[in-house]
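All values below come from the heavy atoms of this structure, side chains included, with hydrogens, waters and symmetry mates left out. As the structure is a prediction and not an experimental result, all values here were calculated from the model. In what follows, chains carry the letters A, B, and so on, assigned in the order in which the sequence lines appear, proteins first and then strands, with residues in each chain numbered from 1.
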Protein chains: 2
Amino acid sequence: MKLEPNLCKVEDALNIIVGKWKPIILLHLLKEGTQRFSELQKHLPGITQRMLTKQLRELEDEEIITRKVYAQVPPKVEYTLSEYGQTLQPILEAMHEWGTKHNARKKKNSLSSSFE
Amino acid sequence: MKLEPNLCKVEDALNIIVGKWKPIILLHLLKEGTQRFSELQKHLPGITQRMLTKQLRELEDEEIITRKVYAQVPPKVEYTLSEYGQTLQPILEAMHEWGTKHNARKKKNSLSSSFE
DNA sequence: CTGTATCCCAGGTGATACTG
DNA sequence: CAGTATCACCTGGGATACAG
């Protein structure tokens with residue numbers, strides 16, 4: 001298989017899902033389904049409100065997730081992987097699987113070197 | 001399928017392949033096989049020497065690619081996807097496929113809106 | 001609860017020039 | 001050919017405070 005000249009443009013598309021938190025957010029939505037803002041935050045140790053909001057907005061702009069606001073007090077907002085977002089499943093699954101294996105490998109490799 | 005608690009750590013692993021140029025570089029090495037520095041540069045419109053060097057070093061540090069230097073003048077350096085790097089194939093393929101489809105979709109969507 | 005508005009810093013990235 | 005060195009910029013991302 002030869003590389004298409006449009007490969008360069010693929011990079012563009014990829015930037016959509018390679019924010020610092022995007023893969024994890026998407027992975028959560030994929031696995032857990034619809035999630036509230038606070039639920040996502042709870043499951044993403046270390047992310048700030050600002051960042052979570054920002055990443056979600058970007059994903060929403062790309063029509064990868066959908067945002068449902070309940071007009072009530074206190075507010076309630078749910079995020080769901082859109083139909084189009086579902087098409088990311090192969091990538092997300094592959095990432096998850098590889099990431100898990102990679103961590104296992106790294107742990108094994110570091111058995112002999114325990115510094116600091 | 002439930003999310004493992006180690007999902008958070010997967011993020012770490014993902015950072016290895018989500019540099020601005022890394023997916024494209026890896027895609028090239030995967031598809032084209034061994035490539036020289038200059039070949040990679042030629043195929044990556046816009047990347048600077050500095051960046052290419054840096055990205056390659058990082059990938060090398062992660063043992064995803066191997067670097068073979070020929071002791072000769074002029075210098076010749078070849079980069080190849082390592083055996084371990086091959087395990088990224090599923091992700092890379094998935095990314096390439098999705099990226100291509102995404103571009104097609106985007107083009108279609110922008111047919112009706114021609115502003116600016 | 002679910003955000004938005006500011007401020008701020010570190011690191012990523014580019015341009016250019018130089019070297020083995 | 002295949003880098004390294006240096007400078008300078010800019011964006012991503014964090015902390016904090018405030019708001020509907």
Checklist outcome for this item: In 5'-to-3' order, the base (B), backbone-only (S) or no-contact (-) status of each nucleotide in nucleotides 6-20 of chain D, using a 4.0 angstrom heavy-atom cut-off, is B------BBB----B
Checklist entry - Are A:R105 and B:E63 within salt-bridge range, i.e. N to O under 4.0 Å? => result yes
Checklist entry - Looking for any heavy atom pair under 4.0 Å, which part of the strands does B:Y79 touch: base, sugar-phosphate only, or nothing? => result sugar-phosphate
Checklist entry - Taking CG from B:L52 and P from D:dA2, how many angstroms apart are they, rounded to a whole number? => result 10 Å
Item to check | Distance in angstrom units between B:R57 CZ and C:dG12 C1', rounded | outcome: 18 Å
Checklist entry - B:F37 side chain: which of D:dG3, D:dC1, C:dG3 is closest? => result D:dG3
Item to check | Atom-to-atom span, CG of B:L40 to C1' of D:dC1 - whole angstrom | outcome: 13 Å
Item to check | Any side-chain heavy-atom pair of B:E32 and B:E39 under 4.5 Å | outcome: no
Next on the checklist: If I take atom NZ in residue B:K42 and atom C1' in nucleotide D:dC1, what distance separates them, rounded to the nearest angstrom?
Outcome noted: 13 Å
Next on the checklist: Output the rounded distance in Å from CD (B:E78) to C1' (D:dC1).
Outcome noted: 13 Å
Item to check | Nucleotide C:dG12, atom P - distance to CG of B:N15 in whole Å | outcome: 10 Å
Checklist entry - If we ignore angles and hydrogens, is there a donor and acceptor under 3.5 Å between the side chains of B:T34 and B:T80? => result yes
Checklist entry - Would you call the rings of A:F37 and A:Y79 parallel, tilted or perpendicular, where under 30° means parallel and over 60° means perpendicular? => result tilted
Next on the checklist: Any heavy-atom pair between the side chains of A:W98 and B:T87 that's under 4.5 Å?
Outcome noted: yes
Checklist entry - Hey, does B:S38 reach any base, or is it just sugar-phosphate, or nothing, if we go heavy atoms under 4.0 Å? => result sugar-phosphate
Next on the checklist: Can you tell me how far apart CG (A:D61) and CD1 (A:I16) are? Round to the nearest 0.5 Å.
Outcome noted: 10.5 Å
Checklist outcome for this item: Atom CD of A:E39 and atom C1' of C:dT2 are separated, to the nearest Å, by 13 Å
Checklist entry - Taking atom P of C:dG3 as reference, at what distance in whole Å does atom CD of A:Q72 sit? => result 13 Å
Checklist entry - Do A:V77 and A:Y70 sit in the same hydrophobic cluster, where Ile, Leu, Val, Met, Phe, Trp and Tyr count as joined when their side-chain heavy atoms come under 4.5 Å apart? => result no
Item to check | Nucleotide of D:dA2, C:dG3, C:dC1 approaching A:P74 most closely (side-chain heavy atoms) | outcome: C:dC1
